[in-house]
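Computation of the quantities below employed the complete heavy-atom set of this structure, encompassing side-chain atoms and omitting hydrogens, waters and symmetry-equivalent molecules. Both counts, for ligands and for their atoms, begin at 1 and track the order of listing.
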Amino acid sequence: MTQYSAIRAPFLSFKENPFTNGDPLSAIHYEEDGLVIIKNGRIISTSPWSTGKNALEESTTIESYPNQLLIAGMVDTHVHYPQLPMVASYGEQLLSWLNNYVFPLEARFSDPEYARVIARSFLSELLRAGTTTAAVFCTVHPESVDAFFTESTKLNTCMVAGKVLMDRNAPKNLRDTAQTAYDDSQALIQRWHKTGRQLYAVTPRFAPTSTEEQLNTAGALLAEHSDVFMHTHLLENKAEIAWVKELFPHRHSYLDVYDKAGLLRPRSILAHTVHAQEKDFQRCHDTGCSIAHCPSSNQFLGSGSFPLFQALKTDRRVKVGLGSDIGAGPTLSLLQVLSDSYKVAQGLNTSLHPIQGLWLATVGGAEALGLEHQIGNIIPGHFADFCILDPAATPLGSIRTQSASTLSDILFTLMMLGDDRSVSATYVAGKKVYQR
Ligand code: GUN
Ligand code: ZN
């Protein structure tokens, strides 16, 4: 017998991109008392409760969230699961922060049991924050990837992840070689790519920690596997950029280092890209790669302000998603990342509307990962990955919500005051995996 389930709640879906027309409100569909019906892990219909309720089978289980808001599960386009235990480490910028805090911790992930424990905590924290899909750095150890995908498979979450490639300028116990990077990545792609909802990303850490030979190896892996992802860092910090210039004097730019290695294409994710020039954005647009905007991390490490609205210029739009970038970012909550996005945009004399913010956290992230036909929106055919938001979850949220007069006002309140406490439940493929 077919098993249906349903959720009755106000819900918000996107009809179009709210960055490309005048009024962001016209990009959404908002149903004040809505009904979402689920079958075999997917959405099969959305409607007002008043019309949809008559079509419900008698055996359908219905959960209700009045006065809350059902949105698509959020999508984090850049995060490091192994860095969860060193989040909020004091006082450094990127390069010394990596040496002092990140590398010593990542060395522990040669131990599969430690990797499993941290992967489990990380995924449970993600779901508590309302995030159901993420693009995730593991460490150089293949064991760290097996541990992560094993735990993700248990939850049936759609995750993009991969083994870090790093054959120079890192401690010896964290280095691979061009050859082992190739062999290990091949084996991991065979084992995990498209196994259930798991997806593989070839993951060179960043230009300074890979030789040109290794970057070419990464390009060869992409050429052999047309639908795997690529995930790296780009143009994050001024000292890093100067170092790349020294290491690759024959390249036109930092982006050109990746370009010449064959790393730029759809489903390639470039984290940060803070100090991009117009020609970098143009090249990202032309090659179809995506940028993970990580404002919380960029502020924490003093990296700079990403010009979001320049990246999204409509005549050569670059795909952009949001990244928490734990552990340089101090939070996994994309609501908090959105609050930082708003403040950074204000500093550049631009305003991020809450509907644009919610789009970035859902559809935008899905699009940046090339998964917009499966996740990121509340439409029939999509996976039933949901986040239920409660605008009045905290005392301040409650006071502020009572004086909110419009939907935009409530959404902006969530974006500025919300965090993991605002998530009252999270669903993965129709199954409730977190309840506050
Ligand atoms: N660049 C190279 N590695 C890292 C990392 O682990 N975090 C951040 N934020 N930037 C990086
Ligand atoms: Zn990162």
(message) I'd like the residue list for ligand 1, meaning every protein residue with a non-hydrogen atom under 4.0 Å from the ligand.
(response) H80, Q83, L94, W97, L98, R205, F206, H233, E236, H272, D325, A328
(request) Could you check which N/O/S atom of H78 is closest to the Zn ion (ligand 2)? (result) NE2
(message) Between D420 and R128, does any side-chain N to carboxylate O distance fall below 4.0 Å?
(response)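 Salt bridge: yes.
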(message) Looking at K319 and E367, is there a salt bridge between them, counting it only when a charged N and a carboxylate O are closer than 4.0 Å?
(response)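 Result for this pair is no, no salt bridge flagged.
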(request) Would you kindly say whether H353 and Q356 are connected by a side-chain donor-acceptor distance under 3.5 Å? (result) no
(message) Distance alone, cut at 3.5 Å: any donor-acceptor contact between the side chains of S296 and D340?
(response) yes
[X] near the Zn ion (ligand 2) via N/O/S, less than 2.8 Å:
{"X": "D325", "value": "yes"}
{"X": "H272", "value": "no"}
{"X": "C294", "value": "no"}

(request) Quick one: do D325 and H272 satisfy side chain to side chain contact (heavy atoms under 4.5 Å, CB included)? Show the steps, please. (result) CA-CA 9 Å; D325 193 28; H272 305 282; 3.1 Å; yes
(request) With R400 as the cation and F412 as the aromatic partner, state whether NZ or CZ is under 6.0 Å from the six-membered ring centre and within 45° of the axis. (result)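 That pair does not qualify as a cation-pi contact.
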(request) Verify the ring-centre separation between Y200 and H225: is it less than 6.0 angstrom? (result)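 No; Y200 has its ring centre 6.0 Å or more from that of H225.
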(request) Measure the acute angle between the ring planes of F19 and W359, then classify it against the limits of 30° and 60° as parallel, tilted or perpendicular. (result)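 Geometry flag for W359 against F19: perpendicular rings.
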